[in-house]
Amino acid sequence: MASNNTDIRFLKGVGEKRAEILKKKGIDTIGTLLRFYPRDYIDYSNVTPIMRAPFDENVCIKAKVTSYVEESKKGPNMKLYRFIAEDESGAMQVTLFNQTYLAKRINFGSEYLFYGKVRGNFVMRSMTSPDIFESGFSGIHPIYRASANMSSKNIERIVKTALSTNIGDDPLPESIRENNNLSDLSFALSNIHFPKTNESLIRAKRRLVFEELFILQTGLALLKNKKRSLAGSVVSQNFKAEFEEKLAFELTAAQSRVIDECFNDMSSGRVMNRLVQGDVGSGKTAVAAAVCYIMARNGFQSAFMAPTEILAEQHFATLSNILGDSGVRCGLLTGSLTAKQKREVKEKLASGEIDIIVGTHALLTDNVEFARLGLAVTDEQHRFGVAQRAKLAAKGNNPHTLVMSATPIPRTLALILHGDLDISIIDEYPKGRQAIDTYLVNSSYHTRLYNFIKKHIAEGRQGYIVCPLVEENEELDIKSATQVYEELIENEFKGYRVALLHGKMSGKQKDAVMRDFKDGKTDLLISTTVIEVGVDVPNAVVMVIENADRFGLSQLHQLRGRIGRGEYKSSCVLVSDNKSKETKERLKVITETCDGFKIADEDLRLRGPGDFLGNRQHGLPDLKIADFANDMETLRLAGEQVKVLLKNDPRLKAEENKPLRDAIIELYKKLNEN
Ligand code: ADP
Ligand code: MG
């Protein structure tokens with residue numbers, strides 16, 4: 001951060017040993033210490049009587065120690081300290097692990113403040129490893145993420161010292177602060193650690209949240225501008241109409257618009273970095289095919305990368321079908337080709353005899369070379385890391401990049417997650433698509449559900465049963481795919497063609513099962529969420545999702561997207577015995593709408609951004625104080641202010657913006673180290 005870069009060792013009261021411990025917490029400079037915000041606060045004016053403390057919630061208790069501290073050993077490296085503390089409502093037992101220093105300072109008969117979670121029953125309550133303070137404390141105090149050899153109190157003392165040193169320059173330019181009524185750095189840091197009042201804590205927090213989101217977004221904007229300034233291969237002619245003639249259907253207006261957006265990028269002389277977001281079934285493949293076609297007709301090669309073999313094969317078949325006699329040559333490169341086949345494909349790529357190569361990760365191997373790669377397309381981009389995308393792009397001389405995502409992400413979040421990309425949205429479904437009927441039932445419906453599936457199978461259709469787990473779990477009452485499969489093939493679906501699919505199978509096995517299903521050789525597929533990704537089986541029209549409450553809304557929506565892809569009416573049944581009102585409401589959203597963006601917004605509102613940010617592949621730094629779910633409004637506001645700032649100083653060269661620039665460099669430096 002844009003503050004004091006002095007090594008933490010040199011701060012008064014720290015020294016070598018403590019510096020080592022602090023470094024483990026990511027604190028290496030005075031600046032990072034000042035940004036090590038409290039995880040919570042205790043308001044000492046707000047104490048809870050022992051017997052009235054709610055369980056499993058952090059509370060502050062003021063109690064007198066009424067026993068001596070008893071020491072016992074538990075294993076070679078574990079010391080336990082126990083004592084009793086009492087207030088007027090009752091008593092509790094306090095247990096400390098290995099905290100010898102703290103235990104030695106607990107005096108019989110003295111009163112302390114205990115901060116932590118109370119557990120127990122009506123007779124005896126207990127607290128394990130609480131934070132303990134002298135009872136004379138008053139006001140609001142910080143609680144830091146402590147560890148065995150570094151207590152919250154220790155950190156508090158060091159932070160106090162740090163606050164009295166040079167805290168560094170304010171990374172937020174004055175004009176931005178003024179426009180947004182934000183406090184200055186000194187106020188914010190002293191009040192986030194030691195709030196004078198509740199109001200000053202709120203004010204400090206508001207500013208620091210803004211600052212964090214502002215620095216993050218400014219960094220992304222600069223990155224995007226830099227990428228934009230790279231020269232890319234120029235296509236001069238738009239062959240969209242010619243492409244459309246080869247299709248069996250007409251492009252939707254949205255598909256057509258997105259293809260134009262890509263063409264504009266690719267003819268601009270600059271490198272395209274575009275994300276195409278489109279709900280499941282919105283027809284992203286046709287868009288990608290059109291863009292590859294345009295490239296081919298302008299003399300460039302394209303690489304189209306999919307996360308699984310089955311998807312790569314599916315795309316290859318689609319492209320070959322469309323482009324059959326157009327003169328544009330397609331190839332397929334996957335791990336399961338024979339060595340000879342691979343060699344031939346690679347030779348053709350290197351010599352330029354293939355225009356569009358569809359493939360899996362196999363495309364990333366070092367000996368795949370292109371004659372004139374102009375475009376790299378990645379399908380289902382969330383399945384690939386940023387690094388893999390970059391690797392594919394590195395195979396050409398700044399090829400255009402097109403990434404496709406079926407995960408509808410709320411727009412504000414998308415701007416952040418894909419901050420370095422331009423975004424196109426396919427917000428329309430192909431004509432004649434029938435809505436999927438979705439129902440929510442409890443497990444008493446199973447027999448009826450099985451009959452429902454059988455009825456469809458009798459009509460020649462196929463179906464899915466999706467379970468949250470692969471294997472049985474003793475503790476949780478959750479259906480596992482394996483268990484359901486074994487039960488059903490013995491009983492309800494004896495004699496039917498049933499297959500099992502889950503993530504613990506090898507890639508080859510999964511592909512084989514999926515291929516049989518696609519070819520209509522199986523009637524019913526019992527699966528975990530591995531079917532989530534883009535597979536197109538229009539004949540599958542029914543899906544039952546067991547323990548549906550175990551899934552996020554967006555995930556349910558993705559799963560449901562596997563059906564309703566053809567001419568037949570499709571039905572999705574969510575099974576859940578969860579009685580909580582919230583869960584029911586959450587699941588109801590799915591039964592009421594098929595709009596992925598609406599569902600994503602609702603998911604974000606209800607569950608926070610975990611689902612979207614769940615995999616660490618997004619490559620963004622961890623947020624220290626802001627959070628995407630609650631601070632969306634600030635995120636938007638900060639984003640607007642970034643635009644204002646960069647308009648006046650596009651490369652952040654002005655002297656007054658130097659602290660901001662330093663903060664960005666620092667932030668992204670950390671990111672590259674990780
Ligand atoms: P996704 O966006 O989920 O990847 P796909 O590209 O797999 O969707 O397309 C879903 C289905 O819709 C495919 O069977 C495809 O042939 C069909 N499709 C795509 N675009 C159109 C269109 N404009 N009109 C009719 N059908 C279309
Ligand atoms: Mg797809």
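Counting convention: from 1, in listed order, for ligands and their atoms alike. In this text, all values refer to a predicted model and were calculated from it rather than measured experimentally.
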*Check the angle between the aromatic planes of Y450 and H446 and answer parallel, tilted or perpendicular using the 30° and 60° thresholds.*
parallel
*Hey, which atoms in ligand 1 end up nearer than 4.0 Å to a heavy atom of D279?*
2 (O)
*Give the numbers and elements of all ligand 1 atoms closer than 4.0 Å to a heavy atom of T285.*
4 (O), 5 (P), 6 (O), 7 (O)
*If you count the atoms of ligand 1 from 1 in the order shown, which ones are under 4.0 Å from a heavy atom of L251?*
23 (N)
_Selection from S256, G283, G561 by shortest heavy-atom distance to atom 8 (O) of ligand 1_ = G283
*Do K510 and L501 come close enough that some side-chain heavy atom pair is under 4.5 Å?*
yes
*What atoms of ligand 1 come within less than 4.0 Å of a heavy atom belonging to P430?*
18 (N), 20 (N), 21 (C), 22 (C), 24 (N), 25 (C), 26 (N), 27 (C)
_4.0 Å heavy-atom contact, G278 with ligand 1_ = no
*Relative to the heavy atoms of T252, which atoms of ligand 1 are at a distance of less than 4.0 Å?*
23 (N)
*Ring-face cation contact, F239 with R297, 6.0 Å cut, 45° max*: yes
*Hey, does N367 have a side-chain heavy atom less than 4.5 Å from the side chain of K346?*
yes
*Taking N or O atoms only and a 3.5 Å limit, does K431 qualify as a polar contact for ligand 1?*
no
*Which residue, K518, R461, H456, forms the side-chain hydrogen bond (donor to acceptor under 3.5 Å, both in side chains) with N539?*
R461
*Examine K454 relative to F493 and say whether NZ or CZ is less than 6.0 Å from the centre of the six-membered ring and inside a 45° cone about the ring axis.*
yes
*Taking distance alone, with no angle check, do G281 and ligand 1 share an N/O pair under 3.5 Å?*
yes
_So if I count the atoms of ligand 1 from 1 in the order they appear, which ones are less than 4.0 Å from some heavy atom of R565?_
3 (O), 7 (O), 10 (C)
*Are any of the N/O atoms in Q255 less than 3.5 Å from those in ligand 1?*
yes
*Geometric class of the F517/Y464 ring pair [parallel <30°, tilted 30-60°, perpendicular >60°]*: tilted
_Show me which atoms of ligand 1 lie under 4.0 Å from any heavy atom of E250._
22 (C), 23 (N), 24 (N)
*Those atoms of ligand 1 less than 4.0 Å from some heavy atom in V280*: 3 (O)
